[in-house]
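Accompanying notes for the structure given below.
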2 protein chains.
Amino acid sequence: MGYSLRKLFKWWFLNLTMKKIFIILWKHFQNKWFFYGITIYDIAREAKVGIGTVSRVLNGNPHVSDETRRKVLEVARRLNYQPHTYAQRLAKQKAYAISAVIPFFISYFFIEVLRGVQDKILDYGFDLVLYGVNDPSTQVEHYIQKSTHRGKVDGVLFFSMKFPEAYTSYFKQRGIPIVLVDTFHPKFDSITVDNFQGAYIATKHLIEHGYEKIGMIVARLESMPAKQRFDGFRKALSDYGKIFYEEYFVESRDTRLDGFTRDAGYQACKELLSRNREIPSAIFVSSDIQAIGVIEALSERGIKVPDDVAVIGFDDIELAKDFGLTTVRQPMYEIGKVAVEKLFERMNSRKTKPEHIKFTPELVIRKTCP
Amino acid sequence: MGYSLRKLFKWWFLNLTMKKIFIILWKHFQNKWFFYGITIYDIAREAKVGIGTVSRVLNGNPHVSDETRRKVLEVARRLNYQPHTYAQRLAKQKAYAISAVIPFFISYFFIEVLRGVQDKILDYGFDLVLYGVNDPSTQVEHYIQKSTHRGKVDGVLFFSMKFPEAYTSYFKQRGIPIVLVDTFHPKFDSITVDNFQGAYIATKHLIEHGYEKIGMIVARLESMPAKQRFDGFRKALSDYGKIFYEEYFVESRDTRLDGFTRDAGYQACKELLSRNREIPSAIFVSSDIQAIGVIEALSERGIKVPDDVAVIGFDDIELAKDFGLTTVRQPMYEIGKVAVEKLFERMNSRKTKPEHIKFTPELVIRKTCP
DNA sequence: CTGAAAGCGCTAACAC
DNA sequence: GTGTTAGCGCTTTCAG
């Protein structure tokens, strides 16, 4: 009998009490020591109400008596309650998050835009899931897929890279809201900067300033922005009946970052100088970072800016201010903000046609071309 | 009877069929048209197995017959199944995500570190939730809280800002793994760069090069990195029995970004030049961005680098290469990677004491001090 | 090896 | 107003 009693006890102990004791202890530890793992059930128990009521209170549902509300709130605060992120998201069938698929290489642009995105997203209380692409040629699709795992995000922001054609139907079919920033596709909302217009404005300024022999140093023309800026330059020249001096035009040979580097600008300027006896009266450069290289090359040859030659850049990066560079400003922070706004608009109303917002850049006049 | 029949029918129709029909239709649309919203139930039904089995197959559980596995996999592929992110995370009680609380202002540093983080995190298949802090004085705590909402992430990376003392117990109590990057707190793992050592190495190089009158231009000494770099400089001087020339030492007045700007360097150098008849033979500058300003100021006065005065910077930012700046390189990409590794280590084993990893920076010799 | 069932923590429709 | 219950979609025992 002693034996069977022990056996019985053992069985009973293991299967029931043990479990319960553990649970009780565990809850106790959680509540008292960790302030962690508190659920609406804990609150409901303490406040002597149902979990539905707790949920209602926590979600600001008005159909609760003030008395109950107070009580629940008090308990919740005392227990240091925090809703479980993913339980909410699952039940609500909403991710409360958006993702950004963004290339890392365009550093200057990157930071500013991201700042805008972050600030705006804060207004909505959403999370930002970042997918920084180091190598577009191999990683874009991978990250697109990750960022669209079912339920993960309510929308995606896609930056500065060629949107892979194969994924247009992917997004359309699943109805995942997406907005393209600094890149374009006819089927999706996009936010871009009018490079053509910016270059046009800069060139026009040069022309109105009385410069005749206007040169241009441009990054590789395969790159869309470079091409558009070049086109704007040509258009302004022809609109104002000015000559395009072939000899004062240099396209970067440097392939790194499509030629949008200081060194590419430096080299291109050296080439320009070496192949001419005279120098142009002004140079429009396709980016600030190149322009800094250009100015270096000029000063090495003892050529003064802006006295001997005027220089205008493009982008208005942080350093442009330091160098007193006259340039075309891209409102990057603003672009980030608008991108988020646009995305939320899409998320809240699956509307009609895609919209294409174009920001017109503005001229910032500093020392290199007064 | 006609009436009661209709009534009955109506009731029946509304309460049962209607609902079911809708569900069937809906599922149909989903499956066929949208490839979306497929659940393991759909797969189980199609493959004629239980949902448990489906889950097992999908999770690579070995206790499934090959035959069943094949069948399930086939159906899953055909239906274009994707697991619901948050359902998984909820059931697994694991977030499969980490967050980064990072200030936006330190742009150069920022990008590189983040690249490292992103690349490493990719290995683990985790998501990165980004909280970019624009205004540390007001936003840090807000973002810390957001990033620690229950269940949201498995760990957090905290960058470059003073960790708020009030939150030490917050993290400790909840047992949320955190690693500090580019900042320090005795109670948490941290990864920093040995600024002292870096400055020491740079100064030593200057000394061994035979320079006697070595000056220093430093950002605001309230800033920890600036202070540590200054201390390293002094130590090297005294270790090698060199004089510290008070007159060739300038601390930035500029408060913006603690004086880590091109303009601050430029102004400080002007001040150095204006208050001495002679110039030092070498200048150690507390950051590359300032060094660029210093070089500008020097060249404006016709002082040649490195012929008249040698310059060494700190950081090795992108532009340093362009300017041929000799500098102290911080392995930022590497730091990002290691930070993630360390965090995962913490997440997988709640170990003992916090570890403090210090990277020793290395000297990069370029033109400004051969 | 596999199906059924009990969670994970929360929301929302449904009764009373 | 408020408690109960049925999901959200997946994981993980627990029996066979």
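Here is how names work: the chains are called A, B, and so on, in the same order as the sequence lines, proteins then strands, and each is numbered from 1.
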Whole angstroms only, please: what is the [atom1]-[atom2] distance between [X] and [N]?
X        : N     : atom1 : atom2 : answer
B:Arg150 : C:dG9 : CZ    : C1'   : 7 Å
B:Lys92  : D:dG9 : NZ    : C1'   : 13 Å
B:Leu79  : D:dG9 : CG    : C1'   : 15 Å

Partners of B:Glu341 by salt bridge (Lys or Arg N to Asp or Glu O under 4.0 Å), sequence neighbours excluded?
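Scan of B:Glu341 (salt bridge (Lys or Arg N to Asp or Glu O under 4.0 Å), adjacent residues dropped) gives B:Lys120.
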Please name all residues satisfying salt bridge (Lys or Arg N to Asp or Glu O under 4.0 Å) with B:Arg346, sequence neighbours left out, ordered by chain then number.
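B:Arg346 satisfies salt bridge (Lys or Arg N to Asp or Glu O under 4.0 Å) with B:Asp189 only.
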Within the 4.0 Å heavy-atom criterion, would you say B:His84 contacts the bases, only the backbone, or no part of the nucleic acid?
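Contact class for B:His84: sugar-phosphate only.
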At 4.0 Å (heavy atoms only), tell me whether A:Val49 reaches a base, stays on the sugar-phosphate, or touches nothing.
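Answer is sugar-phosphate: A:Val49 comes under 4.0 Å of backbone atoms only.
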For the helix from C:dC1-D:dG16 to C:dC16-D:dG1, figure out the bend between the end axes, five pairs an end, and round to 10 degrees.
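Comparing the axis at each end, I get an angle of 50°.
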Where along residues 65-72 of chain B does a heavy atom come under 4.0 Å from DNA chain C, residue by residue in number order?
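Per residue number, the list reads B:Ser65, B:Thr68.
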Below 4.0 Å: OP1/OP2 of [N] and any side-chain N or O of [X]:
X       : N      : value
B:Gln93 : D:dT12 : no
A:Asn59 : C:dT11 : yes
B:Gln88 : D:dT11 : yes

Protein-nucleic acid N or O pairs under 3.5 Å, nucleotides 4-6 of chain C:
none

What about [X] and [Y], are their ring centers closer than 6.0 Å?
X        : Y        : result
B:Phe171 : B:Phe163 : yes
A:Tyr96  : A:Tyr124 : no
B:Phe188 : B:Phe158 : no

Considering only side-chain heavy atoms of A:Ile40, which listed nucleotide, D:dC8, D:dT12, C:dC10, is closest?
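Given the options D:dC8, D:dT12, C:dC10, the side chain of A:Ile40 is closest to C:dC10.
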Mind checking what makes side chain to side chain contact (heavy atoms under 4.5 Å, CB included) contact with B:Ser147, not counting sequence neighbours?
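So B:Ser147 forms a side chain to side chain contact (heavy atoms under 4.5 Å, CB included) with B:Ser99, B:Val101, B:Tyr131, B:Val156.
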Which of these, B:Val49, B:Val64, B:Ile43, B:Ile40, sits in a side chain to side chain contact (heavy atoms under 4.5 Å, CB included) with B:Val57?
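Option passing the side chain to side chain contact (heavy atoms under 4.5 Å, CB included) with B:Val57: B:Val64.
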So B:Tyr86 and A:Thr85, side chain to side chain donor-acceptor pair (under 3.5 Å) or not? Walk me through it.
CA-CA 9 Å; B:Tyr86 299 139; A:Thr85 316; over 6 Å; no
